[in-house]
Amino acid sequence: MSIVGTRVVRQEDRNLITAGGTYVDDLRVEALTGAAHAVFVRSPIAHARIGGIDVSEAKAAPGVLGVFTAADLGLDPHAAGPLKEPWLADGVVRYVGEPVALVLTEERYQLADAAELVDVDYDPLEAVASIDAALAGETLLYPDTGSNIVQVNGAEQFDDAIFEGCDVVVTQTIVNQRVAPAPLEVRGASCAWGEDGRLTAWVSSQNAQIARMQLAASLGVGEESVRVITPDVGGGFGAKIGADPEVTVLGWAAKRLGRPVRWVESRSENLTSMTHGRAQQNTVTIGGKRDGTVLAYRLDVIQDAGAYPRTLFLPTLTELMAVGVYRFPKVETRSRAVVTNTTPVSAYRGAGRPEATAAVERAMDVFATEIGLDPAEVRRANFIRPEEFPYQTPTGASYDTGEYAAALDKVLDAAGYAELRAEQQRRREAGEVVELGLGIATYVEITGGDGGGESGRVDVHPDGSVVAWTGSSPHGQGLGTSLAMLLSDRLGVPLDKITVRHGDTDEVPKGIGTFGSRSLQLGGSAIRQAADQVIAQARELAADLLEAAPDDLELDVERGVWQVRGAPSSTVLSWAQVAERAAEGKLTADVWFGDGKPTFPFGAHLAVVEVDTETGKVELRRIVAVDDAGPIVNPLTFRGQRHGGLAQGAAQALMEVVTYDDDGNPTTATLADYSFVTAAELPDFELVDMTTPTDRNLLGVKGIGEAATIGSTPAVHNAVVDALAARGVRHLDMPTTPIRVWAALSEGNAQ
């Protein structure tokens with residue numbers, strides 16, 4: 001029986017639960033002996049000119065080893081143009097939390113007192129704290145550019161002719177609010193220069209190789225002069241891709257100081273200075289016939305990029321995935337990105353795809369309400385059909401496989417949809433205070449869409465053990481166990497003899513890492529390809545040892561031995577025996593799997609909520625979900641990824657939001673203000689299985705890390721609006737907090 005597809009307890013968990021993980025702040029390695037401690041002095045003002053920085057008192061404080069500002073760096077952080085983000089603020093600060101100076105001390109406890117002595121002269125400027133203020137253009141973050149709009153994609157002008165022939169045309173503006181990734185482990189890094197002139201950086205990052213590339217380029221050295229190690233990483237969610245500017249400053253400071261440097265941020269720093277996610281305003285216009293057929297769809301995206309446009313791919317991904325699971329005949333999209341005096345926005349679980357799904361799934365509900373049909377029936381009328389795959393969307397995506405109607409039917413059947421609608425109607429007729437709401441979302445997303453490949457290396461040693469190296473970067477997903485399972489299944493080697501290594505650029509020089517739900521389909525395919533090459537090498541060696549033709553040999557994976565085909569009782573060879581004969585003292589294969597094309601997981605979610613119309617309180621009662629990501633390697637890990645995604649998506653719909661006042665001051669800078677979902681707010685998730693393979697990688701798998709987040713947010717959002725529909729509320733922006741619900745009901749808000 002194959003181990004693949006069976007529930008295997010994650011091998012990573014034993015150490016995490018017993019001894020505990022080793023995170024950046026836990027490191028006690030010889031290279032960091034005598035390390036200085038670092039803290040960044042951050043701007044308390046959203047937008048201001050820096051008149052001067054007096055560091056004299058700070059330098060004289062006990063234990064201070066150095067205080068550095070942009071003037072000390074000696075590098076040109078503006079080489080790439082006016083929008084380039086400086087490593088330390090240079091002349092102007094553009095958001096609360098922007099690093100202005102670096103303070104280094106002998107002991108960590110000395111940091112706070114020393115940092116308070118750095119005297120910065122701020123000359124406040126008008127803050128641009130919202131998308132509307134950015135578009136108004138009365139204040140420019142970068143005066144030389146002439147506009148706060150920093151990127152425009154798609155249609156220059158919309159053409160209303162696409163809605164000709166429609167019986168109904170509906171427009172709705174949807175705010176996909178700014179959220180904080182808030183990983184359990186905040187950002188941290190340690191840097192040390194060796195006697196060989198090389199920098200070693202320990203970074204809490206999702207990809208060691210990308211971090212190395214960024215550090216080398218920033219510091220003006222070759223990549224061979226930088227080693228990046230990522231120890232245990234306590235969550236990333238897209239916000240720990242590569243290395244943030246702070247790490248560059250630490251590397252520079254370690255060289256300037258001539259001793260190692262350690263840094264870990266506080267939770268408030270993390271909430272205000274680590275990149276945020278989402279932050280889009282989407283206007284949808286949808287038109288069609290009263291029988292539920294959609295004829296035209298328009299999506300107008302405005303992306304808040306924050307103070308510095310670190311990543312402008314988010315709105316383009318939203319455009320790419322605009323049509324979701326539907327075969328809309330006519331489609332228009334446009335996106336604009338604007339800068340504001342807020343924390344920069346970057347990738348966050350789903351990165352552009354959840355925003356597309358949230359827009360189109362709200363649009364389908366708004367359209368269904370307008371024509372008086374059930375939202376499930378409207379979706380069925382517009383699904384891309386199975387026989388149409390591979391399907392080329394009007395926005396340029398090439399979907400591989402999908403069974404969208406089947407996924408929805410499975411969810412509705414499992415949930416008892418007809419009975420739920422009957423109960424909803426009963427409550428409405430009885431005038432009950434607690435309304436029942438049902439929300440549907442059907443989604444498709446793109447995974448492994450970065451266009452890169454991944455590295456994989458497999459060594460079989462003379463003792464029969466197997467060591468695998470992957471360029472993918474586990475940080476909580478259980479990837480190490482999944483890769484070991486693939487090897488065990490392919491080689492017939494027990495799990496306890498397989499070790500998976502990652503996260504050290506000296507051990508894995510080439511790799512891309514983990515983001516975009518790419519790890520199993522690309523990293524796993526690389527490991528599979530390397531295993532196949534090891535098998536091919538072993539076949540030749542075993543044939544020589546058994547004095548048989550290579551084609552006459554077979555690997556008995558049940559026993560993990562080589563034997564002559566058809567003669568199981570004859571002499572057999574173990575992996576250890578074969579590896580002993582290998583030229584390098586081991587069997588080894590090092591590959592780059594670069595043939596993988598993007599895959600398109602899909603699913604359907606139904607959320608059931610109860611809303612107390614007297615208080616506005618929303619309670620999430622059920623989520624029933626299909627998340628189809630192809631064949632499952634480890635059902636335990638697969639369910640864990642779905643559970644985490646469902647929780648994170650529901651949290652955005654119900655409570656999570658980063659807010660600023662009109663002056664750009666963050667009002668959610670602590671976990672006392674930033675609402676964080678816990679088990680108390682969540683029901684037991686009802687997971688329905690469905691498997692549709694892809695032909696775009698060696699394993700037939702698709703990504704699962706972000707899928708459940710993408711479907712659950714609009715499902716819960718739609719459910720809350722559905723609960724309020726009979727009371728005249730047509731739309732409510734996320735998060736659907738009690739105060740927002742209560743206000744909408746009290747004001748008779750019928751948008």
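The chain is numbered in sequence order, starting from 1.
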Q) Quick one: are V338 and Q281 in side-chain contact, heavy atoms under 4.5 Å? A) no
Q. Among Y399, F367, F383, which one satisfies ring pair (Phe, Tyr, Trp, His ring centres under 6.0 Å) with Y326?
A. F383
(Q) Checking R353 against L317 for the side chain to side chain contact (heavy atoms under 4.5 Å, CB included) test, could you report, in this order, the C-alpha distance in whole Å, the side-chain angles of both residues, the deciding distance, and whether it holds? (A) CA-CA 6 Å; R353 294 101 74 195; L317 271 176; 4.3 Å; yes
(Q) We want to know whether S472 and T514 form a side-chain donor-acceptor pair, criterion being a heavy-atom distance below 3.5 angstrom. (A) no
Donor-acceptor pairs under 3.5 Å, side chain of residues 343-351 to any protein atom, not counting sequence neighbours: which ones?
| from | atom 1 | to | atom 2 | distance (Å) |
| --- | --- | --- | --- | --- |
| T343 | OG1 | T272 | O | 2.4 |
| T343 | OG1 | Y660 | OH | 3.0 |
| S346 | OG | T311 | OG1 | 3.0 |
| Y348 | OH | Q648 | NE2 | 3.0 |
| R349 | NE | G705 | O | 2.8 |
| R349 | NE | T709 | OG1 | 3.4 |
| R349 | NH1 | Q648 | OE1 | 2.6 |
| R349 | NH2 | Q641 | O | 3.4 |
| R349 | NH2 | G705 | O | 2.8 |

(Q) Less than 4.5 Å apart, side chain to side chain, heavy atoms only: is that true for M321 and F600? (A) yes
Q) Does the distance from a Lys or Arg side-chain N to an Asp or Glu carboxylate O, for R379 and D365, drop under 4.0 Å? A) yes
(Q) What I want to find out is whether R730 reaches E370 closely enough, with some N-O distance under 4.0 Å, to be called a salt bridge. (A) yes
Q) What's the verdict on salt bridge (Lys or Arg N to Asp or Glu O under 4.0 Å) for D244 and R310, showing C-alpha distance, side-chain angles and the deciding distance? A) CA-CA 10 Å; D244 283 347; R310 289 192 186 181; 3.5 Å; yes
Q. Given the side-chain rings of Y404 and F389, with only the six-membered ring counted for Trp, is the space between their centroids under 6.0 Å?
A. yes
Q | Distance-only polar pair, side chains of D627 and Y443, donor-acceptor under 3.5 Å | A | yes
Q | Polar side chain donor-acceptor pair, T401 to T694, under 3.5 angstrom | A | no
Q: Applying side chain to side chain contact (heavy atoms under 4.5 Å, CB included), run through R380 and D409 and close with a yes or a no.
A: CA-CA 9 Å; R380 284 196 188 96; D409 289 343; 2.9 Å; yes
Q) Under 3.5 Å, is there a donor-acceptor pair between the E355 and T318 side chains? A) no
Q: Check whether any side-chain heavy atom of P309 lies under 4.5 Å from a side-chain heavy atom of V339, and answer yes or no.
A: yes
Q) Taking only residues two or more places apart in sequence, or in another chain, which ones meet V152 in a side chain to side chain contact (heavy atoms under 4.5 Å, CB included)? A) I149, R336
Q: Walk me through it: do K597 and D400 pass the test salt bridge (Lys or Arg N to Asp or Glu O under 4.0 Å)?
A: CA-CA 9 Å; K597 296 179 180 178; D400 49 358; over 6 Å; no
Q. Does a donor on one side chain and an acceptor on the other come within less than 3.5 Å for R696 and S398?
A. yes
Q: Kindly indicate whether the side chain of P354, heavy atoms from C-beta on, has any atom under 4.5 Å from the side chain of T713.
A: no
Q: Could you tell me whether D159 and K330 make a salt bridge, using a distance below 4.0 angstrom between a side-chain N and a carboxylate O?
A: no
Q) Using 4.0 Å as the upper bound for N to carboxylate O, is an ion pair formed by D722 and R421? A) yes
Q. Heavy-atom distance under 4.5 Å between the side chains of I286 and V366, does that happen here?
A. no
Q: Carefully, step by step, assess T442 and F602 under the rule side chain to side chain contact (heavy atoms under 4.5 Å, CB included).
A: CA-CA 8 Å; T442 45; F602 63 92; over 6 Å; no
Q.
Working note: T316 + L312, criterion side chain to side chain contact (heavy atoms under 4.5 Å, CB included); need CA distance, chi angles, decisive distance, verdict.
A. CA-CA 8 Å; T316 59; L312 292 175; over 6 Å; no
Q: Tell me yes or no: between the side chains of Y297 and N382, is some donor less than 3.5 Å from an acceptor?
A: no
Q) Which residue, V411, I440, L408, forms the side-chain contact (heavy atoms from CB on, under 4.5 Å) with Y417? A) I440
Q: Identify, with sequence neighbours excluded, every residue that meets side chain to side chain donor-acceptor pair (under 3.5 Å) alongside D628.
A: T692
Q) Is there a donor in the side chain of S273 and an acceptor in the side chain of R187, or the other way round, less than 3.5 Å apart? A) no
Q.
Just checking E387: does its CD atom have more than 12 heavy atoms from other residues, nucleotides or ligands closer to it than 6.0 angstrom?
A. yes
